[in-house]
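Side-chain atoms are counted along with the backbone in the values below, which use heavy atoms only and exclude waters and symmetry mates.
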2 protein chains.
Amino acid sequence: MAEIVTKLPAAGSPPAKQDQGKNTQNHAINPKAMAIMTAAKELFLEQGFGAVSMDQVARQAGVSKATVYAHFVSKEKLFAEMVFRACIAKSHAVLPALQADSDIEAVLEEIAHIVVDHLLSPEPLAVYRIIMAEGPRFPELPRAFFGNGPLPMIRKLTDFFDEANRLGLLTVPDTRLAAEQVIWLVRGPLGVRRLFTTDVPADLPAEEAVIKGAARMIHATYSPRAN
Amino acid sequence: MAEIVTKLPAAGSPPAKQDQGKNTQNHAINPKAMAIMTAAKELFLEQGFGAVSMDQVARQAGVSKATVYAHFVSKEKLFAEMVFRACIAKSHAVLPALQADSDIEAVLEEIAHIVVDHLLSPEPLAVYRIIMAEGPRFPELPRAFFGNGPLPMIRKLTDFFDEANRLGLLTVPDTRLAAEQVIWLVRGPLGVRRLFTTDVPADLPAEEAVIKGAARMIHATYSPRAN
DNA sequence: GGGAAACTAAACCGTCCAGTTCAGTCACAC
DNA sequence: GTGTGACTGAACTGGACGGTTTAGTTTCCC
């Protein structure tokens, strides 16, 4: 029902009253449209699609509802575009470069930290949650999210392991699998406590233990001498 | 706002017209109440809280809306109780017993399969998704879910690793951490493609490769000779 | 200063939905 | 067979919300 923009025009003109051009373009510059997007982002990410009314969005944006509808065709479109933008907004991580004499376990630990920073900061988590929640209603979102969020990180990690193979620092038979492993070894245990709003008790392992454990595990499994 | 039952009475009497006893008790036997619960489960788990109306529930249960309200105080209570029941309804997994001469890597692989079967079958996944989605609105649910779903599995795995330590089959310094690691090594890569309704392309590692990889990784890391 | 376009504020429409009410039916117990 | 209580079916209330319209105000450019 709601199609999503797959490209973001960088600049735009203000809305025109009765052309159909207001639908999916040109909100990048206009300050009102930006205020609306910002408000929508805050509200939707926090409360979900159903729980937020367009009146709330307008109020929070400091704008009349008519203006909201002047810039965005419908609630669905606004939501979908907001999520899409939130997906691609993630700053792209930079992994440390490898040298032949790198301390591989230290580098792995560093990488685990980067994964935590990028996948477990509040906004990506909120996006993740909302994609999961509204996935059935907006089936295009998961693909956009995966392609812009986890996938680039997986690719970088895969490249990293390829490079480690090449330098003889590791022996990784399936680098793509290794990439997912390192992600989930930290994302899993640490994500649970962040995704469930209510704090889960039951003595979770400490954050640093999880990170060090993941690095150690990758190293132990893929160390050249181990295989 | 919606408090949740933390105990399930096994038997119940039919509703009483004007006492306040209908709220959180006694839906276990009454066939109408059961039909309502069943319908609620199917609908809510599939479509989420907001997208389902009480008329739908009544219709699907083959019951009048008045009867629904005779058994359940409100939509919130019905939803919360349904989720709570779905949480505790999970059949409890049985892990293979260890002997001193067990083939530990084979056992680990078996365990990985059990984890997949228990955490990634359709209903637990649906519950997981809905907890994530409605978590902000029902803050008591995540704890109930975690305590009845993942936590027992984590405990069993922790015990398993303790036993493996005792038998000298593995050397696991932090058994609780190891339990979470084995869970997430399979749950992570395999859960993504199931949680996102739209199939995510981008050549995911094959299921069996993920499972074998997890078992191998645990073994390589915690093998007695490795440390 | 004049005109056009963006914007506001508020009323308004239609729809949907949670929850209530009520007259009447059915089944069963005494 | 009569009373009791669960249940039905349908109408209804009250409120929320998406989306539109309109009358009037601001802003800015020429």
Side-chain angles (χ1 to χ4, degrees), chain A residues 1-2 12-23 25-37 39-40 43-44 47-82 134 137-138, chain B residues 1-2 12-23 25-37 39-40 43-44 47-82 134 137-138:
Chain A
M1 180 165 282
S13 55
K17 203 52 178 282
Q18 53 227 17
D19 74 298
Q20 72 281 38
K22 64 175 175 174
N23 37 17
Q25 295 192 335
N26 307 338
H27 318 295
I29 293 289
N30 185 297
K32 300 280 176 179
M34 257 184 54
I36 294 165
M37 275 298 315
L43 291 169
F44 281 136
Q47 304 177 38
F49 179 77
V52 174
S53 77
M54 291 298 263
D55 289 279
Q56 276 178 74
V57 174
R59 205 179 320 130
Q60 170 134 351
V63 139
S64 76
K65 200 159 66 147
T67 302
V68 173
Y69 279 98
H71 286 278
F72 299 91
V73 180
S74 68
K75 191 186 181 189
E76 274 83 7
K77 283 261 168 66
L78 172 59
F79 176 77
E81 179 153 348
M82 172 253 121
E134 313 292 350
R137 205 194 308 225
F138 298 89
Chain B
M1 179 166 282
S13 55
K17 203 51 180 281
Q18 53 228 15
D19 75 301
Q20 71 281 36
K22 64 175 174 173
N23 37 18
Q25 294 192 335
N26 307 338
H27 318 296
I29 293 287
N30 187 295
K32 301 280 176 179
M34 256 183 55
I36 295 165
M37 276 297 316
L43 291 169
F44 281 137
Q47 305 178 36
F49 179 78
V52 174
S53 76
M54 290 299 261
D55 288 279
Q56 277 177 77
V57 174
R59 204 179 319 128
Q60 171 135 348
V63 138
S64 76
K65 198 158 70 149
T67 303
V68 174
Y69 280 97
H71 286 278
F72 299 91
V73 180
S74 68
K75 191 185 181 188
E76 272 83 6
K77 282 261 166 69
L78 172 60
F79 176 77
E81 179 154 348
M82 172 254 122
E134 313 293 349
R137 204 195 308 226
F138 298 90

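The side chain to side chain contact (heavy atoms under 4.5 Å, CB included) search around B:Lys65 returns B:Met54, B:Asp55, B:Ala58, B:Tyr69, not counting sequence neighbours. Qualifying side chain to side chain contact (heavy atoms under 4.5 Å, CB included) partners for A:Gln60, counting only residues two or more places apart in sequence or in other chains: A:Ala39, A:Glu42, A:Leu43. Looking at residues two or more places apart in sequence or on another chain, you find no side-chain hydrogen bond (donor to acceptor under 3.5 Å, both in side chains) involving B:Ser53.
OP1 or OP2 of C:dC7 lies within a sub-4.0 Å distance of a side-chain N or O belonging to A:His71.
Spacing between atom CD1 of B:Ile36 and atom P of D:dA6 amounts to 13 Å, rounded to whole angstrom units. Spacing between atom CZ of A:Arg137 and atom C1' of D:dG18 amounts to 13 Å, rounded to whole angstrom units. Going from atom OH of B:Tyr69 over to atom P of D:dA11 covers 18 Å, rounded to whole Å. Across the protein-nucleic acid pair, B:Asn30 atom CG and D:dA6 atom C1' stand 9 Å apart, rounded to whole Å. Residue B:Phe72 contributes atom CZ, which lies 15 Å from atom P of C:dA18 at whole-angstrom precision. Distance, B:Lys32 NZ to C:dT25 C1': 12 Å, rounded to whole Å. For the pair B:Met54 CE and D:dG14 P, the interatomic distance rounds to 20 Å; values are reported in whole Å. Rounded to whole angstrom, the span from the CG atom of B:Leu43 across to the C1' atom of C:dA18 amounts to 16 Å.
Of all the residues in residues 55-66 of chain A, A:Lys65, A:Ala66 reach under 4.0 Å from DNA chain D with at least one non-hydrogen atom.
Of the possible polar contacts, none joining the B:Lys32 side chain to the B:Ala61 backbone as a donor-acceptor pair under 3.5 Å is found.
The two residues B:Leu78 and B:Ile36 come nearest to each other via the heavy atoms CD1-CG2, 4.2 Å.
Inter-residue side-chain proximity for A:Met82 and A:Phe49 is flagged as unmet; no heavy-atom pair is nearer than 4.5 Å.
Taking the six-membered ring for Trp and thresholds of 30 and 60 degrees, A:Phe138 and A:Phe79 have ring planes inclined between 30 and 60 degrees apart.
Residue A:Val68 is out of contact with every strand shown, counting any heavy-atom pair closer than 4.0 Å. The residue A:Thr67 sits close to a base: some heavy atom pair falls under 4.0 Å.
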